[in-house]
Q: 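Quick one: the structure is below, questions incoming.
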There are 2 protein chains.
Amino acid sequence: MAPAYKLTYFNITALGEPIRFILSYGGLEFEDNRIQFENWPGIKSSMPFGQLPILEHNGKVSNQSVAICRYLAKQVKLVGKDDWEDLEIDAIVDTIGDIRMKLATYHYEQDEKIKESKAIPLFSEIIPPYLEKLDAVAKKNNGYLALTWADLFFVGILDYLNTMGKRDLLADYPNLQTVKKNVLEIPNIKAWVEKHPKDNL
Amino acid sequence: MAPAYKLTYFNITALGEPIRFILSYGGLEFEDNRIQFENWPGIKSSMPFGQLPILEHNGKVSNQSVAICRYLAKQVKLVGKDDWEDLEIDAIVDTIGDIRMKLATYHYEQDEKIKESKAIPLFSEIIPPYLEKLDAVAKKNNGYLALTWADLFFVGILDYLNTMGKRDLLADYPNLQTVKKNVLEIPNIKAWVEKHPKDNL
């Protein structure tokens, strides 16, 4: 029988890996469908909103990686204990999304000179306050952001963020390093990372 | 007695208005605390993650506008009937977020020449497919995106999107115009819009 969940994404970590982390954490079997970039132009128009990743489940399909993560987190009980905790989790995830967007503005800049000039405020002024505050959250929560899907989301998307930023963003943030270590030591996540295809970001 | 909810944002619609819409929809009394831009530098560092809007409730505080909207939507029962419907709602909201980010890249571009050159692909290639697909969703759902907080979110943030895009983004999308009309005709939303401070985006 085919697995109940089918994830379609490119053959990279980036926005797919947080989803794969949550599926793996919960021991949910899934088809890890990976599209080669050269085949994407022929497929794009058939996707909801022309984007990947998408999740298929029970004959239905949805796009948007964060929405998919939240849905799967409910399936595997990695959510808050009440609505306010879910708000705190969502706020952390969207803060990581803000960091991602700011890094993307730099990473995807085509003009090398503009790109260089963007790096200075980005890494001296814009990104550090976010990481400092996330680090403080991790310290307060003993090495977790929220011990929920927010943590898996963060560690799952981290390679992508580091690749875009061309640096180890966590170098100065020991508590965020602990979050990374804690998540990667969860047995199901460890097993996933060991067996998953090498990245080619 | 002070209202149970306190929203702090600037004296504009933008990211605050979807929150105000949902609070108004549910008839939840709230303190509509509006910060003048000139006072912001002195306040910024005391805010969680240095950003607005923030919501205060029961002595707790959270940032991130979309997370706040989702939380309040649960309070006022504007959510899906099951987890998959909530995924669909979240995916629509994050798609609107994608549109916002793409418009922001244009709107906040300082170099007028680069800004002009960005407008061409943005409004001929990048934005239309999103709006076409949202319009198809609205058509299928008889003039609503999902008849939940996704609709209020969309119409609440619309002025901001139109301002950034310097045009009526819905001009060619009759079903999205119907969504706007439907939401603005909800009595509590109508009452809110009639009494709320004029925007100065």
Side-chain angles (χ1 to χ4, degrees), chain A residues 44-45 47-51 54-55 57-75 79-80 82-102 104-105 108-111 114 125-126 128-134 136-137 150, chain B residues 44-45 47-51 54-55 57-75 79-80 82-102 104-105 108-111 114 125-126 128-134 136-137 150:
Chain A
K44 182 175 167 65
S45 69
M47 296 289 123
F49 287 91
Q51 293 174 318
I54 58 165
L55 178 76
H57 183 49
N58 291 333
K60 287 177 283 194
V61 57
S62 182
N63 64 322
Q64 288 294 349
S65 63
V66 171
I68 291 169
C69 284
R70 185 178 298 105
Y71 172 75
L72 292 172
K74 291 174 189 168
Q75 312 287 298
V79 295
D82 56 31
D83 289 345
W84 188 272
E85 273 198 12
D86 280 330
L87 165 56
E88 292 179 322
I89 292 165
D90 288 349
I92 286 170
V93 168
D94 286 350
T95 297
I96 298 164
D98 285 352
I99 296 173
R100 176 191 147 213
M101 294 316 299
K102 288 175 196 302
T105 307
Y108 294 109
E109 174 59 54
Q110 302 284 325
D111 185 313
I114 297 176
E125 293 165 31
I126 298 172
Y130 284 105
L131 292 173
E132 277 161 29
K133 283 166 199 251
L134 283 178
V137 171
Chain B
K44 183 174 166 65
S45 68
M47 295 290 123
F49 288 90
Q51 294 174 319
I54 58 165
L55 178 77
H57 182 50
N58 290 333
K60 288 178 284 194
V61 57
S62 182
N63 65 322
Q64 288 294 349
S65 63
V66 171
I68 291 168
C69 284
R70 186 179 298 106
Y71 173 74
L72 292 172
K74 291 173 188 168
Q75 313 287 297
V79 295
D82 56 33
D83 289 344
W84 187 272
E85 275 197 12
D86 281 329
L87 165 55
E88 292 180 320
I89 292 164
D90 288 350
I92 286 171
V93 168
D94 286 351
T95 296
I96 297 164
D98 285 352
I99 295 173
R100 176 193 147 211
M101 293 316 300
K102 288 175 195 300
T105 307
Y108 294 108
E109 174 60 55
Q110 302 285 324
D111 184 314
I114 297 176
E125 293 165 32
I126 298 171
Y130 284 105
L131 293 173
E132 278 161 29
K133 283 165 200 254
L134 283 178
V137 171

Q: Please work out whether the ring planes of A:Trp84 and B:His57 are parallel, tilted or perpendicular, with thresholds of 30° and 60°.
A: tilted

Q: Heavy-atom pairs under 4.5 Å with chain B - which of A:Ala104, A:Gly97, A:Ser62 has more of them than the others?
A: A:Ser62

Q: Whether the B:Tyr130 and A:Gln51 side chains hold a donor-acceptor pair (N or O, under 3.5 Å, no angle test) is what I'd like checked.
A: yes

Q: Quick check on A:Thr105 against chain B: is it the side chain, the backbone, both or neither that has a heavy atom closer than 4.5 Å?
A: neither

Q: Not counting sequence neighbours, which residues clear side chain to side chain donor-acceptor pair (under 3.5 Å) with A:Ser65? List them please.
A: none

Q: Answer with side chain, backbone, both or neither: which region of A:Leu134 has an atom nearer than 4.5 Å to a non-hydrogen atom of chain B?
A: both

Q: What residue, out of A:Arg70, A:Lys74, A:Glu88, has the most heavy-atom pairs lying under 4.5 Å from chain B?
A: A:Arg70

Q: A:Ile68 versus chain B, heavy atoms under 4.5 Å apart: side chain, backbone, both or neither?
A: both

Q: Please list, chain by chain and in numerical order, all residues satisfying side chain to side chain donor-acceptor pair (under 3.5 Å) with A:Glu132, sequence neighbours excluded.
A: none

Q: Answer with side chain, backbone, both or neither: which region of A:Asp98 has an atom nearer than 4.5 Å to a non-hydrogen atom of chain B?
A: side chain

Q: What I'd like to find out is whether the side chain of B:Thr95 reaches to under 4.5 Å of the side chain of A:Asn63, using heavy atoms alone.
A: yes

